[in-house]
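Just below is one structure, and these are the notes that go with it.
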There are 2 protein chains.
Amino acid sequence: MRVTIYDVAREANVSLATVSRVLNNSPHVRESTRRRVQEAIDKLGFEPNLVASALMTKRTRLVALLVPDISNPFYAEVARGVEDAAAELGYNCVICNVGGDTAKQAEYVNVLRRKGIDGMIFGTANYDDKLVLDLSRGSYPLTLMARDVPAAEVNRVLVDDGAGGAMAARHLLELGHRRLAMVTEPGGIHSSQERARGFREALDEAARDGVEAVYLEAEGSDIAAGLAAGRRLLDMTPRPTAVFAANDLLAIGILQAAREADTRVPDDLSVVGFDGTVMADVTQPPLTTIVQPMRDMGKAAVRLLVETLQNGGEHQRIVMSPELRVAGTTAAYRPARPAAN
Amino acid sequence: MRVTIYDVAREANVSLATVSRVLNNSPHVRESTRRRVQEAIDKLGFEPNLVASALMTKRTRLVALLVPDISNPFYAEVARGVEDAAAELGYNCVICNVGGDTAKQAEYVNVLRRKGIDGMIFGTANYDDKLVLDLSRGSYPLTLMARDVPAAEVNRVLVDDGAGGAMAARHLLELGHRRLAMVTEPGGIHSSQERARGFREALDEAARDGVEAVYLEAEGSDIAAGLAAGRRLLDMTPRPTAVFAANDLLAIGILQAAREADTRVPDDLSVVGFDGTVMADVTQPPLTTIVQPMRDMGKAAVRLLVETLQNGGEHQRIVMSPELRVAGTTAAYRPARPAAN
DNA sequence: CTGTTAGCGCATTCAT
DNA sequence: ATGAATGCGCTAACAG
């Protein structure tokens, strides 16, 4: 970056301002001068310094994506959508793994703002996230992604978790299951609670014919937590014949627990997951799951954010619909089970 | 970002220069003035604008990571390492999905440079990548990651693919397999070829007792390509008793082909993958694979890059060792197979 | 349509 | 140890 706008101006016998106008496609430039300037640009191989430009315009065309962990397939898929849409719109995307650490997250946000990042997508936020509320009050451009903070004035891209839970419930009921279980994520993860609510309500609607349901809270959100929860589940008497897990990883853990216990899936236990990550496709049998449109969610998040950046305007809220993908881990309830082995 | 260094200077009754010195921890500031300035900073809630700073210093403390696809678990894991190490060193990380498109990649790089990105990590590069060579000649700070461009003067973090291939070969030989296959990625993917070379050489060393090996080139690098290759493989007569796939996804595809054909793994066919992504853990049985230290590779890549950014100096080359992780898809060759079903 | 004049917010000489 | 002056490379009024 050595040749500057000034060099171009001299080469083309015009002023800085004219070069700048050409660069920014201002309509107020005669075609012949535009060409002359363009030639000078090409000849000198001039490439505008966007840092200098950002200092004036206050826009870096950089957005940030904050996620708990980019190596988690769900967030990786979302990130793919975010980056794709950002690139399409002329933005680049800064990625941040914030884990669960609130202080770390605040520090990240602070540095990013000072670096001139135009706006952020939060793939992680608590229900009453102070940081989000502060940024929202300062009207810093934000999109929340798969996590809501009801009190904040920001864009949102959500998935109808309740509807997803209901889909799982109805699927299992239709297969004839009457003794059901759900494994939820620990603590106050809002989306997990919503999935449970939808599941419960759908069961309640159908409760006329003696449906029982038990709810287990896992001790984490990963495969190991699913395995532990699965073991507890399989020890229960009477044992549920079908289980809905709040995410795919938990479901996969439950599959492992079933294998340990020589419980056949789906013959002796039906399992439904949530997310539809690539992991669901490689289990054996492939996991029946409630699919979130991860990539599209990422794209939508960027589009809302950029819309806010460029046009301001009202904050938008997009609620996407999950979808049941029936694969190999669910089957009709069979009252009379053949002896195994 | 409304309060500037100038406001602080007035508040503390000093000049801009002094405030700047305090901000940059210059030793030439009296302790009492430093404190006075610091108080003014705190009182006003001043936060330095890093864009302005970058315009002077030419350093944004932003690095970019270019990968084919962040939703690919291998790159997601690498990205996790990159971002972690970057954060630790005070850098942020811009992520870019460049797919296989050379022109798109060049365009990305161009914009990133103009945005002042300090250096880049290439998780994708051809053997004689023109872009990498150009950047290298312009002495733009670069680290190549899992892909080499021999002629370039840049940092590198590589994995000993040849050694990995050899590990796979020796593992299978030790299990008594004598009729082997390898499924490679298509075209000129250097790492895949190296894995094949290591595999072949290890077999050659042991060739005294009649080892046969066949090499299949898959038509892609994903599960579908593995499935197709697996079908071809299982149709061969005599059929190989063990197969080494150039990556986990291909291996998973082969597992699926085996299932289709009622070929039991590992009883009737042993399968070894390469990478050690999370996907390898959730197949049934879990995939025996050659593990790359993905996260550490990402961290090392950043460290080399930042080292170059801060101290210049010689370009470094780190070669990491892969590791055999024996799981459930490999077993001893059994000449007399019991009738199945 | 084009040129002149000011900055954006900070770092960095060079004096003192 | 501190201050005054200058400029990083560009955009944005405001004239003309």
For residues 91-102 of chain B, which side-chain donor-acceptor pairs fall under 3.5 Å, sequence neighbours excluded?
from, atom 1, to, atom 2, distance (Å)
B:Asn92, OD1, A:Lys115, NZ, 2.9
B:Asp101, OD1, B:Ala103, N, 3.0
B:Asp101, OD1, B:Lys104, N, 3.1

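- If you measure from atom CD1 of A:Ile41 to atom P of D:dG9, you get 16 Å, rounded to the nearest angstrom.
- Atom CZ in A:Arg34 sits roughly 13 Å away from atom C1' in C:dT2 (whole-Å rounding).
- Between B:Glu77 and B:Arg295, at least one side-chain N (NZ, or NE/NH1/NH2) sits under 4.0 Å from a carboxylate O, which counts as a salt bridge.
- Among residues at least two apart or in separate chains, side-chain hydrogen bond (donor to acceptor under 3.5 Å, both in side chains) pairs with a member in residues 53-66 of chain B are B:Thr60-B:Asp118.
- Interatomic distance, CG of B:Leu112 versus CG of B:Leu62, reported as 9.0 Å (0.5 Å rounding).
- Looking at A:Phe122 and A:Val109, their side chains come closer than 4.5 Å, going by heavy atoms from C-beta outward.
- Counting any heavy atom pair closer than 4.0 Å across all strands shown, B:Val19 reaches no nucleic acid atom.
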So which protein nitrogen or oxygen atoms get under 3.5 Å of nucleotides 5-8 of chain D's nitrogens or oxygens?
from, atom 1, to, atom 2, distance (Å)
D:dC8, O3', B:Lys58, NZ, 3.4

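- Of all the residues in residues 23-31 of chain A, A:His28, A:Val29, A:Arg30 reach under 4.0 Å from DNA chain C with at least one non-hydrogen atom.
- Put simply, CG on A:Asp160 and OG on A:Ser191 are 12.0 Å apart, with the number rounded to the nearest 0.5 Å.
- Atom OH of A:Tyr6 is separated from atom C1' of C:dA6 by 16 Å (rounded to the nearest Å).
- Residue pairs satisfying the side-chain hydrogen bond (donor to acceptor under 3.5 Å, both in side chains) criterion with at least one member in residues 27-37 of chain B, sequence neighbours excluded, are absent.
- Between A:Arg36 atom CZ and C:dG3 atom C1' there is a gap of 13 Å when expressed in whole angstrom units.
- For the pair A:Asp7 CG and D:dG9 P, the computed distance is 9 Å after rounding to whole Å.
- Shown here is A:Gln310, whose CD atom has more than 12 heavy atoms of other residues, nucleotides or ligands within 6.0 Å.
- Atom-to-atom, NZ of B:Lys115 to C1' of D:dC10 comes out at 16 Å; the value is rounded to the nearest Å.
- For the OP1/OP2 pair of D:dT2 and a distance below 4.0 Å, the side-chain nitrogens and oxygens of B:Thr33 include at least one atom meeting the criterion.
- Side-chain N/O atoms of A:Arg21 and base N/O atoms of C:dG3 include a donor-acceptor pair closer than 3.5 Å.
- Test A:Val82, A:Ile121, A:Val63 against A:Thr143 for side-chain contact (heavy atoms from CB on, under 4.5 Å) and you get one pass: A:Ile121.
- Comparing C:dG3, D:dG3, D:dC10 against the side chain of B:Val14 picks out D:dG3 as the nearest.
- Checking the phosphate oxygens (OP1, OP2) of C:dA11, no side-chain nitrogen or oxygen of B:Thr57 falls inside 4.0 Å.
- Distances shorter than 4.0 Å separate some side-chain N or O of B:Ser20 from OP1 or OP2 on C:dA11.
- Protein atom CZ of B:Arg59 is 15 Å distant from nucleotide atom C1' of C:dT12, rounded to whole Å.
- Looking at heavy-atom distances under 4.0 Å, A:Val51 makes no contact with the nucleic acid at all.
- Proximity of B:Ser15 to the phosphate of D:dG3: a side-chain N or O atom is located under 4.0 Å from OP1 or OP2.
- Among pairs with a residue in residues 311-320 of chain B, those fulfilling side-chain hydrogen bond (donor to acceptor under 3.5 Å, both in side chains) read B:Glu307-B:Asn311, at least two apart in sequence or across chains.
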